[in-house]
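Report on one structure; see the data block that follows.
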Amino acid sequence: MYYGFDIGGSKIALGVYDERRRQVWEKRVPTPHDSYERFVACIAALVQEADSRCACVGSVGIGIPGIPQTADGTLYAANLPAASGRPVRADLTRRLGREVRMDNDANCFALSEAWDDAFCDYPVVIGLILGTGVGGGIIVDGKPLSGCSYISGEFGHMRLPVDALAVLGQDIPVTRCGCGQYGCIENYLSGRGFAWLYQHFYHQSLEAPQIIARYHQGEPEAREHVERFLDLLAVCLGNWLTMVDAHLVVIGGGLSQFPLLVEALPARLPPHLLPVARVPRIARARHGDAGGMRGAAFLHLTR
């Protein structure tokens with residue numbers, strides 16, 4: 001059995017999956033914040049409960065919102081104060097008597113999608129999250145390409161490419177990102193970026209769902225805005241695909257609930273790719289909130 005933990009600031013979710021990658025059990029508990037020992041003990045107790053229910057010693061994978069293992073072997077996760085700065089993976093491996101694997105939640109999302117029955121034959125997969133921010137992961141032959149600092153796939157913290165200015169205008173404000181840099185793609189392609197761009201061009205503050213509703217109603221400014229956003233997304237994705245040359249791009253996050261953003265991309269990509277490049281398959285994510293648990297569990301899978 002494969003055990004996958006999705007650990008966030010408010011909850012620890014455990015999903016148990018069988019050899020066919022089907023979920024057989026799930027449990028959620030509040031995340032302890034007052035004690036590192038309670039944090040570790042909580043995870044260990046859930047593993048022991050799963051072992052008992054499944055009558056086996058399952059593999060353990062963990063997804064967290066942060067850097068699973070920094071240079072000194074400790075976790076960095078701002079919203080896990082009881083565990084940040086501690087050697088979580090090493091301590092759990094020792095306590096549970098089995099190898100514990102950890103990765104960040106974006107890589108777990110991408111891995112979950114790459115192991116979907118419909119997607120698992122694609123050798124190179126980009127998982128792209130268009131939500132509150134812009135992130136994702138790169139999966140190669142069923143394994144996450146995490147990198148030495150676990151930041152591979154941080155697409156949102158690349159800067160706007162120069163051809164994006166042809167879409168947005170040379171005078172587009174280069175805004176400061178939460179990472180401290182200026183011009184990060186996240187500020188323009190995230191859900192809040194979608195809303196910010198509408199406000200910038202039309203001087204009206206609306207949330208993304210309101211803009212999308214106006215698009216469906218045929219409102220001219222909303223339609224113009226969506227066309228511009230699609231062009232910008234194609235520009236940025238074309239740059240990422242020139243680096244990674246993926247066979248499949250899976251798009252998740254709140255904006256993926258607007259199907260046009262996925263459906264219209266293939267036709268818009270060719271001008272932003274090398275002439276010899278093939279447009280990959282582009283699909284919506286299939287596993288939603290369960291992706292973190294699934295991907296964490298599948299950290300132990302091999303092809």
Side-chain angles (χ1 to χ4, degrees), residues 105-139 153-156 158 161 163-164 167-168 185-186 188-198 207-218 222-273 277-292 294-295:
D105 50 4
N107 281 344
C108 289
F109 154 78
L111 189 62
S112 169
E113 297 296 329
W115 278 101
D116 181 86
D117 289 346
F119 299 151
C120 61
D121 288 334
Y122 292 97
V124 181
V125 178
I126 287 178
L128 178 61
I129 302 169
L130 302 178
T132 305
V134 174
I138 302 167
I139 309 300
E154 286 286 0
F155 304 116
M158 297 176 65
D163 42 349
V167 175
L168 299 177
I185 287 171
E186 178 166 289
Y188 305 88
L189 281 185
S190 61
R192 56 186 169 78
F194 184 86
W196 180 86
L197 285 170
Y198 187 89
E207 297 298 318
Q210 296 172 295
I211 299 168
I212 292 167
R214 291 190 176 199
Y215 173 88
H216 288 307
Q217 293 162 7
R223 288 198 164 254
E224 183 181 67
H225 170 70
V226 169
E227 290 295 311
R228 183 189 297 109
F229 188 85
L230 277 166
D231 286 340
L232 177 62
L233 180 56
V235 163
C236 295
L237 182 56
N239 276 265
W240 300 329
L241 287 170
T242 300
M243 288 188 296
V244 179
D245 196 20
H247 300 81
L248 167 71
V249 178
V250 182
I251 300 179
L255 284 179
S256 72
Q257 302 306 307
F258 183 24
L260 180 69
L261 295 187
V262 176
E263 296 164 0
L265 271 178
R268 293 175 186 250
L269 274 173
H272 308 295
L273 299 173
R278 288 178 288 173
V279 175
R281 179 179 177 183
I282 300 177
R284 288 176 65 189
R286 297 183 173 215
H287 297 284
D289 291 342
R294 279 174 48 87

Check [X] against [Y] and note the closest heavy-atom contact, atom names and distance.
X	Y	answer
P270	V279	CG-CG2, 3.9 Å
C236	I185	SG-CD1, 3.9 Å
C108	G292	CB-O, 3.8 Å
G253	S256	O-OG, 2.6 Å
P280	H247	CB-O, 3.5 Å
A195	I211	CA-CD1, 3.9 Å

Min side-chain heavy-atom separation [X]-[Y] under 4.5 Å:
X	Y	result
V249	L265	no
L261	F229	yes
Y198	Q210	no
I139	L248	no
R294	R286	no

For this session: Any salt bridge (charged side-chain N to carboxylate O under 4.0 Å, His left out) involving residues 263-272? Give me the pairs, sequence neighbours left out, ordered by first then second residue.
Result: E227-R268, D231-R268

How many angstroms lie between atom [atom1] of [X] and atom [atom2] of [Y], to the nearest 0.5 angstrom?
X	Y	atom1	atom2	answer
I212	R214	CD1	CZ	13.0 Å
L237	I282	CG	CD1	5.5 Å
L233	L255	CG	CG	9.0 Å

Problem set entry | Full working for salt bridge (charged side-chain N to carboxylate O under 4.0 Å, His left out) between E186 and R192 | CA-CA 9 Å; E186 178 166 289; R192 56 186 169 78; 3.1 Å; yes

For this session: Please test R284 against Q257 for side chain to side chain contact (heavy atoms under 4.5 Å, CB included), starting from the C-alpha separation and ending with a verdict.
Result: CA-CA 8 Å; R284 288 176 65 189; Q257 302 306 307; 3.2 Å; yes

Exercise. What class does the angle between the rings of W240 and F155 fall in, given that below 30° is parallel, 30 to 60° is tilted and above 60° is perpendicular?
Worked result: tilted

Just to verify, what does [X] make a side-chain contact (heavy atoms from CB on, under 4.5 Å) with, not counting sequence neighbours?
X	answer
H272	D163, A234, V235
R228	V167, L168, F201, Y202, E224, H225
P271	none

Which side-chain N or O atoms in residues 117-132 pair as donor and acceptor under 3.5 Å with protein atoms at least two apart or in another chain?
unit_1	atom_1	unit_2	atom_2	d
D117	OD1	R21	NH2	2.7
D117	OD2	R22	NH1	3.3
D117	OD2	R22	NH2	2.7
Y122	OH	R281	NH1	3.2

Exercise. Should D116 and V250 be marked as a side chain to side chain contact (heavy atoms under 4.5 Å, CB included) after you check the CA-CA gap, both sets of side-chain angles, and the distance that decides it?
Worked result: CA-CA 11 Å; D116 181 86; V250 182; over 6 Å; no

Seminar exercise, completed: Hits for side chain to side chain donor-acceptor pair (under 3.5 Å) against E207, two or more places apart or cross-chain, chain-then-number order -> none

Exercise. Can you tell me if CZ on R278 sees more than 12 non-hydrogen neighbours from other groups inside 6.0 Å?
Worked result: no

